[in-house]
Amino acid sequence: MPLVHMGDMLRHAYQNRYAVAAFDVVSLDFITAIIAAAEQRNAPLIISLAESHFDYFDFELLMAAVVRAAQRTSVPAAIHLDHGESLESAVRGVNLGCNGIMVDASDLPLDDNIVRTRAVADMAHACGIPVEGELGYVPGVEGEDAERHPGEVVYTTAAEAQRYVDETGVDFLAVSIGTVHGRMKGEPQLDFERLAEINQALGLPLVIHGGTGLSNEQYGKLIDNGVTKINYYTALADAAGRRIGANLQASGGGGYTALVDGVPEAVQEEAARCIELWGSSGRAADLLATCRPWLPVEHAIFYNTKDLDEAGVEQMMAEGRRVLAAIPGVQRVFTGHAVEDGHPYRHCWLVRFCGRPVIDSYREHPAHRQFADQHFRPYAGDRVSIDFEQSAGDEG
Ligand SMILES: [Zn+2]
């Protein structure tokens, strides 16, 4: 089953009043666990990778596994960069396969938050990718991850939210109404009146960070007031940690595989419980029928050169790989030579775009224009260029 357009996914959730789980993953165990939970519940899923976690894993390596997992799962999935800190990290996320981006400049004053968010939104939208912004501030209190969100809570107001959305063009908004990153101390107090006001003013999918530790009733009220994506990590990490602790106690030691035994199952159980609670169980088929699949495009160029020797061709290709791979929406640049003689063309570029909109934004991108005008077109007048969209049944 395919990756799907995350904007379509959250619009479906918004219209049908449920929330899609966005679980942060930090290892293969977490990927396995949340996919199994979503399949068990027949629910859509957002696989989320938080930039604040990049100390724990190699983002590029884990993304390769996440993309593969999303391609082969039986439920509709999206891949989200959580708490992206800069335009550069947002571009990196897009180029590695994220099809939803969060930009978190919520620690900045409103005007600066708008400027940074706007830059990311413009880039992502040119690639057809929706963007989540955050306004107000969700602090960390205690538990894993809490220290990465220092400071006091700042509540979102409807008036500021309206201005922020108008001026940045974000597609979804993470709001601060009393949740915290990590674990709550005492009973969480949520400001539902404020949430209702924001929802009424904006009419777009809202996001809650710091979903750990809320009551069933509180989740229900969040969803009734426009929350369609719940970010959730701490309780999953706690479930994994408890399992490892129990393994240690039972075995009195043991190696790595003995200690992590049963971790995916423990994480899956908690993830499946949340999915059920948030109303996304059984929504997979209906959602798939209404969502656009998220399909890459292969921009293929076959060409012959003149006035360029073999070394010159290699040099031009190396420069192209370096320059073109950094353009937003470019997932891979393949350069190659025909294996056999006798074909009309000797060389090729295969540039993989994350989606159709990149055909235009790539063509217009200054780095592409400069490379094409100076290094490529003068030597490769004899060429043919075709854009291929992946067929929907192709899962790889
Ligand atoms: Zn968060």
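- His80 and Glu132 share a donor-acceptor pair across their side chains, judged by distance under 3.5 Å alone.
- In this structure the side chain of Val25 never reaches within 4.5 angstrom of the side chain of Asp29, judged on heavy atoms.
- Here the side chains of Asp191 and Leu195 are not in contact, with every heavy-atom distance at 4.5 Å or above.
- You'll find the side chain of Val207 stays beyond 4.5 Å of the side chain of Val175, heavy atoms only.
- More than 12 non-hydrogen atoms from other residues, nucleotides or ligands lie less than 6.0 angstrom from CD of Glu389.
- Counting heavy atoms from C-beta outward, Ser215 and Gln218 have side chains that approach closer than 4.5 Å.
- Residues Glu314 and Thr335 form no side-chain contact, since every pair of their non-hydrogen atoms from C-beta on lies 4.5 Å or further apart.
- Ring centroid separation for the pair His83 and His181 comes in under the 6.0 Å cut-off.
- In summary, the side chains of Tyr137 and Glu152 do not present any donor paired with an acceptor at a separation below 3.5 Å, with no hydrogens or angles considered.
- When side chains are defined from C-beta on, Thr157 counts as touching Arg194, because their heavy atoms get closer than 4.5 Å.
- Aromatic rings of Phe353 and Tyr362 (six-membered ring for Trp) have centroids within the 6.0 Å cut-off, being under it.
- Atom CZ of Arg356 has 12 or fewer heavy atoms from other residues, nucleotides or ligands within 6.0 Å.
- If you look at His347 and Phe302, their ring centroids are not closer than 6.0 Å.
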Q. Is there a side chain to side chain donor-acceptor pair (under 3.5 Å) between Ser251 and Asn247 once you walk through the steps?
A. CA-CA 6 Å; Ser251 69; Asn247 287 343; over 6 Å; no
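- The closest side-chain donor-acceptor pair between Tyr232 and Thr212, if any, does not fall under 3.5 angstrom.
- The 12-atom threshold is exceeded at CD of Gln162, counting heavy atoms of other residues, nucleotides or ligands nearer than 6.0 Å.
- With sequence neighbours excluded, the residues satisfying salt bridge (Lys or Arg N to Asp or Glu O under 4.0 Å) with Arg352 are Glu298.
- Checked by atom type, the side-chain pair Tyr219/Asp224 shows no donor-acceptor distance below 3.5 Å.
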Q: Verify side chain to side chain donor-acceptor pair (under 3.5 Å) between Asp261 and Tyr256, making sure each step is shown before the conclusion.
A: CA-CA 8 Å; Asp261 181 52; Tyr256 175 78; over 6 Å; no
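- Ring centers of Tyr303 and Tyr379: at least 6.0 Å apart, outside the cut-off.
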**Q.** Trace of the side chain to side chain donor-acceptor pair (under 3.5 Å) decision for Asp82 with Asn231
**A.** CA-CA 9 Å; Asp82 190 19; Asn231 279 41; 3.1 Å; yes
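- Trp349 has its ring centre no less than 6.0 Å from the ring centre of Phe334.
- For His53 and Tyr56, the ring centers are positioned less than 6.0 Å apart.
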